[in-house]
Asker: 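Have a look at the structure that comes next, please.
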Amino acid sequence: MSQLQLATWPEVETYLARSTGIIIPIGSTEQHGPNGLIGTDALTAEMVARAVGETVGALVAPTISVGMAQHHLGFPGSITLRPSTLMAVIVDHVASLARHGFDRFFFVNGHGGNIATTTAAFSEIYAERSLHPAGNRPGVRCKLRNWWEGPETEALCKTLYGDALGSHATPSEVAMTWHGFPHAIKHATMAPRIAPTGAFHDADDYRSRFPDGRIGSDPTLATAADGARILDIATREVAADYRAFVQEA
Ligand code: NI
């Protein structure tokens, strides 16, 4: 058993007797350049989270598929939650599951734009519990893990793509979706081959700086076979971090 949505409540009750940890995939629904799928960040986070759940025998919650992506709204199909909305979504997920006895919340993240908001939501959760006279009991802990950040995962992506990895619509995340969803593979020509890099502000500013949506990447380098390798190594690294998180004192 690994997906919460495919479990029954008695199965969850039985699970809670042996573990109070849960994995929550969190992604985004936003443009990913000319050949990347709108769901890339949600799909990749879910792939890694489910593979980790199978590896470590942990429950995996439904994916939070829409994140904080205001800067992508210049491109059709992108959806954002306001930071305040996403914080409320995260706080309510944790509060609901904490009521049942879960106390280790491991968010597998697929979108850099979620990081600030998600960690602010964790601070909100801790603040509410720390301000309570009884303190944080039972001791709820939350952790955010970006699937791409393990040292071996980063090294593999650098080896495969070098300077064309970039930071948005990367060949690595595109490769992961090609492995997971081969029926949805798209091809497009990229001009320039490697997209520009730099900072940005709002959605209009983003679109004017990065006209086709990519930042620093050449996603035509993606292959489904690369995606399988990246998923495998990311799963191993994220699984190790999950085990350490649920075992920490
Ligand atoms: Ni992405």
Side-chain angles (χ1 to χ4, degrees), residues 24-52 63-81 83 86 107-119 144-150 153-154 156-158 160-161 163-181 184-188 190 194-200 202-203 206-207 209-224 226-231 233-235 237-238:
I24 305 178
I26 180 167
S28 185
T29 299
E30 66 185 44
Q31 69 83 17
H32 268 75
N35 71 344
L37 308 182
I38 299 280
T40 297
D41 292 352
L43 297 170
T44 53
E46 186 171 271
M47 288 167 74
V48 173
R50 288 183 179 177
V52 170
T63 302
I64 299 174
S65 293
V66 177
M68 211 307 286
Q70 66 79 19
H71 47 295
H72 293 293
L73 287 178
F75 298 87
S78 301
I79 305 175
T80 193
L81 300 180
L86 180 57
F107 288 75
V108 174
N109 182 40
H111 173 50
N114 285 342
I115 296 170
T117 303
T118 304
T119 52
L144 180 71
R145 175 61 156 83
N146 302 316
W147 68 255
W148 62 88
E149 269 186 352
T153 306
E154 286 184 335
L156 173 62
C157 292
K158 203 70 193 166
L160 289 170
Y161 309 120
D163 290 341
L165 178 61
S167 60
H168 183 67
T170 64
S172 51
E173 60 184 343
V174 170
M176 295 256 288
T177 62
W178 285 9
H179 166 61
F181 306 90
I185 291 176
K186 326 278 177 171
H187 294 288
M190 305 284 163
I194 297 179
T197 59
F200 53 83
D202 62 10
Y206 184 109
R207 179 135 190 178
R209 291 173 195 266
F210 312 107
D212 73 4
R214 299 173 294 147
I215 303 180
S217 65
D218 176 8
T220 63
L221 298 175
T223 70
D226 289 352
R229 289 178 67 191
I230 296 166
L231 175 61
I233 289 180
T235 299
E237 291 193 311
V238 176

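Below, each value reflects all heavy atoms present in this structure, side chains not excepted, and no hydrogens, waters or symmetry copies. Whatever order the structure lists ligands and atoms in, that order sets their numbers, starting from 1.
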Asker: With under 30° as parallel and over 60° as perpendicular, where do the rings of Tyr206 and His71 fit, or are they tilted in between?
Answerer: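 The rings of Tyr206 and His71 sit tilted, inter-plane angle from 30° to 60°.
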Asker: Look at His32 and state whether any of its N, O or S atoms is less than 2.8 Å from the Ni ion (ligand 1).
Answerer: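 A backbone or side-chain N, O or S atom of His32 is under 2.8 Å from the Ni ion (ligand 1).
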Asker: Using the rule side-chain hydrogen bond (donor to acceptor under 3.5 Å, both in side chains), only one of Thr29, Thr118, Asn146, Asp41 pairs with His111; which is it?
Answerer: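 By the side-chain hydrogen bond (donor to acceptor under 3.5 Å, both in side chains) criterion, His111 pairs with just one of Thr29, Thr118, Asn146, Asp41: Asp41.
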Asker: Just one of Lys158, Arg229, Glu237 clears the side-chain hydrogen bond (donor to acceptor under 3.5 Å, both in side chains) bar with Thr153, so which one?
Answerer: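 Only one option passes, and that is Glu237.
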Asker: Can you tell me if an N/O/S atom from Glu30 lies under 2.8 Å from the Ni ion (ligand 1)?
Answerer: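 Looking at Glu30, which is the residue asked about, there is no N, O or S atom under 2.8 Å from the Ni ion (ligand 1).
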Asker: Could you tell me which N, O or S atom of Asp41 is nearest to the Ni ion (ligand 1)?
Answerer: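 Of all N, O or S atoms belonging to Asp41, OD1 is the one nearest the Ni ion (ligand 1).
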Asker: Which is the closest N/O/S atom of Glu173 when seen from the Ni ion (ligand 1)?
Answerer: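 Looking at Glu173, the N, O or S atom with the least distance to the Ni ion (ligand 1) is OE1.
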Asker: Measure the shortest side-chain to side-chain distance between Thr80 and His72 over non-hydrogen atoms and say whether it is less than 4.5 angstrom.
Answerer: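 No, every pair of side-chain atoms sits at 4.5 Å or beyond.
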